[in-house]
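Here's the structure, in structure tokens; my notes come after.
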Amino acid sequence: MTEPFPVGIDGLAFAGPAAYVDLADLAQARGVDPAKFTRGLGQHRMAIASPCEDTVTMAVEAGAQVLQAFDIDPAEIGTLIVGTETGVDHSKPVAVYVHDLLGLNERCRTFETKHACYGAMAGLTSSMDWIASGRARGRKALVIASDIANYGLGTPGEPTQGAGAVAMLVDRQPRLLEIQPASIGDYTRQVMDFWRPLYSKYALADGQYSIQCYLDALAAAREDAVGSRQDLLGELQACLYHVPFVRMAFKAHQRELEMEMGQAISKDEPEQWHQLQDSYAKRCAPWLTLNAEIGNIYTGSLFLSLIDLLRKAGSKLAGQQVSLFSYGSGCGATYCLGKITECAGEWEARLDPSAQLAARRRLSIDEYEYMVRAGEHADRLESLNPDDYGLSGGLYYTGTRDDRRHYESV
Ligand code: HMG
């Protein structure tokens with residue numbers, strides 16, 4: 001049956017930690033050429049969560065912002081999904097803390113999704129199905145991606161860390177992006193490219209293999225979505241990808257162009273190489289600045305790139321078609337097409353997290369390492385003081401007493 005009305009993303013907001021590490025500082029501390037991080041990976045800064053900022057606090061902040069910025073009464077939310085791979089309990093979902101702290105209606109379906117970085121895309125497509133099935137009865141869904149990427153000090157993954165949450169309202173007649181259900185293509189394959197065992201705070205990755213798995217998943221999900229089309233890119237004004245590090249989007253775009261050209265693209269072929277660079281400069285690079293400033297936020301990374309696009313070009317690209325690719329290690333992926341709405345430009349300023357990012361504090365490497373080590377024990381500490389991490393004016397995790405996590409607005 002054809003969907004009688006458009007469904008998609010009706011509102012977006014980002015919230016992240018109050019501090020960051022500059023990758024030039026990290027490169028110096030690790031004895032690495034800074035160009036490896038800035039040009040080789042395309043990253044400039046990474047957001048670092050203190051022990052008082054966790055998946056719950058960031059999700060609540062992003063959720064509160066999206067409700068306020070897009071004028072939504074919490075009572076209108078009938079589904080809340082939090083996509084995360086860095087939850088705070090083996091059993092209790094982050095989503096139920098968020099439901100309480102946002103003051104949502106008790107008549108609300110609430111759950112957490114986990115599939116590495118794919119959890120929020122799973123939440124987005126499920127909530128679209130919930131609306132299309134008629135179950136929503138006029139209510140909206142709130143889907144929040146919230147994560148802290150931790151690979152550990154001195155590891156190859158260290159410069160690709162980050163933290164943050166993206167909240168999305170999902171509704172019929174959306175104000176930002178319509179997603180075409182018939183264009184959604186999926187892919188799943190069991191691979192050990194990236195995982196986090198129950199006993200570890202830190203993710204483990206087979207780095208180069210994970211890049212191959214990502215690219216294979218992109219090719220397969222795209223084919224499931226649009227078949228073997230060789231003329232799609234010409235219709236797209238933007239190609240948005242899951243962004244574990246910015247340079248990965250270049251590799252992804254190269255794979256898509258290679259699929260359309262039916263051959264590999266090499267630097268030794270200047271004409272093809274220029275074609276790739278031009279296409280990347282037009283369709284991808286302009287929307288990767290937030291990712292370069294914040295780092296990998298796992299489930300939210302793709303949607304951070306969407307925020308970047310809409311804050312910069314919501315009006316210019318009104319009515320235009322874009323593609324979205326979500327990849328979660330392990331692995332699962334979705335490729336789909338969306339159309340920027342005619343009114344998206346009206347929301348450019350409300351989406352923009354620039355002021356929040358400008359207020360962040362730059363950590364020295366000593367402070368960063370202290371914070372990482374303190375985070376290892378934070379789940380067991382009875383009392384944490386946000387002031388010790390220079391935090392005020394928000395909701396924070398303040399310790400676990402009587403085996404219960406406590407959150408307080410300071
Ligand atoms: P590495 O192996 O240390 O780095 O770690 P490298 O040697 O591959 O170098 C990186 C790039 O820098 C290369 O560029 C080098 O040439 C270049 P490329 O050849 O790939 O285009 N380079 C330089 N450029 C300029 N000046 C220099 C210089 N030196 C080198 N001096 C790796 C890289 C990404 C593997 C590592 O950071 C890692 O393991 N990261 C974590 C895993 C990851 O991000 N995988 C991505 C795909 S999987 C995914 O996206 C899912 C994920 O988000 C998790 C989830 O789903 O939950 C991770």
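Index from 1, following the sequence. Counting starts at 1 for both ligands and their atoms, in listed order. All of these numbers come straight from a predicted model, not from anything done at the bench.
- Here the protein heavy atom with the shortest distance to atom 39 (O) of ligand 1 is Gly207 CA, 3.4 Å.
- Classified by interplanar angle (parallel below 30°, tilted 30° to 60°, perpendicular above 60°), the ring pair Tyr327/Phe325 is parallel.
- Of the protein's non-hydrogen atoms, the one nearest atom 33 (C) of ligand 1 is Leu41 CD2, 4.1 Å.
- Taking a 6.0 Å sphere around OH of Tyr209, one finds it holds more than 12 heavy atoms contributed by other residues, nucleotides or ligands.
- For ligand 1, the atoms lying closer than 4.0 Å to a non-hydrogen atom of Cys117 are 52 (C), 53 (O), 54 (C), 55 (C), 56 (O), 57 (O).
- Using a 4.5 Å cut-off on side-chain heavy atoms (C-beta onward), Val246 and Leu41 make no contact.
- In the vicinity of Thr160, heavy-atom distances shorter than 4.0 Å reach the ligand 1 atoms 37 (O), 40 (N), 41 (C).
- Near Pro244, the atoms of ligand 1 lying under 4.0 angstrom from a non-hydrogen atom of the residue are 44 (O), 46 (C), 50 (O), 53 (O).
- Each of the following atoms of ligand 1 lies closer than 4.0 Å to a heavy atom of Gly157: 37 (O), 38 (C), 40 (N).
- Distances below 4.0 Å separate heavy atoms of Ala116 from the following atoms of ligand 1: 55 (C), 56 (O), 57 (O).
- Counting only heavy atoms of the protein, atom 17 (C) of ligand 1 lies nearest to Gly40 CA, 3.6 Å.
- Residue Arg229 places its CZ atom among more than 12 non-hydrogen atoms of other residues, nucleotides or ligands, all under 6.0 Å distant.
- Separation of atoms CD (Glu408) and CG (Leu384) is listed at 10.5 Å; rounding is to 0.5 Å.
- Close approach of ligand 1 to Glu85 (heavy-atom distance below 4.0 Å) involves ligand atoms 55 (C), 57 (O).
- Heavy atoms of Tyr151 approach ligand 1 to within less than 4.0 angstrom.
- Using a 4.0 Å cut-off between heavy atoms, Tyr118 makes no contact with ligand 1 at all.
- The protein reaches atom 23 (C) of ligand 1 closely, with a heavy atom under 4.0 angstrom from it.
- For Trp273 and Phe250, the distance between ring centers is under 6.0 angstrom.
- Checked against a 6.0 Å centroid threshold, the rings of Tyr407 and Tyr97 count as neighbours.
- Residue contact check: Pro156 has heavy atoms under 4.0 Å from atoms 36 (C), 37 (O) of ligand 1.
- With a 4.5 Å cut-off on side-chain heavy atoms, Phe37 and Thr160 do not count as touching.
- Within the 4.5 Å cutoff, the side chain of Glu53 has heavy atoms near those of the Leu391 side chain.
- Between Tyr298 and Phe194, the ring center distance clears the sub-6.0 Å criterion.
- Counting only heavy atoms, the protein gets under 4.0 Å from atom 27 (C) of ligand 1.
- The protein heavy atom nearest to atom 43 (C) of ligand 1 is Ser210 OG, 3.7 Å.
- Scanning the protein heavy atoms around atom 19 (O) of ligand 1, the nearest turns out to be Lys251 NZ, 4.3 Å.
- The protein non-hydrogen atom at the shortest distance from atom 9 (O) of ligand 1 is Lys36 CE, 3.6 Å.
- The local environment of NZ in Lys312 is crowded, with over 12 non-hydrogen atoms from other residues, nucleotides or ligands closer than 6.0 Å.
- Screening Leu309, Leu306, Leu176 against Ile340 for a side-chain contact (heavy atoms from CB on, under 4.5 Å) leaves a single residue, Leu309.
- Close contacts of ligand 1 with Ala35, meaning ligand atoms under 4.0 Å from a residue heavy atom, involve 24 (N), 25 (C), 26 (N).
- Rounding to the nearest 0.5 Å gives a distance of 4.5 Å between OH of Tyr397 and CZ of Arg405.
- Counting only heavy atoms of the protein, atom 2 (O) of ligand 1 lies nearest to Gln208 NE2, 3.1 Å.
- For ligand 1, the polar-atom distance check against Asp33 finds a nitrogen or oxygen pair separated by under 3.5 Å.
- At the top of the distance list for atom 53 (O) of ligand 1, counting protein heavy atoms only, stands His242 NE2, 2.8 Å.
- Checking only distances, Asn296 does come within under 3.5 Å of ligand 1, N or O to N or O.
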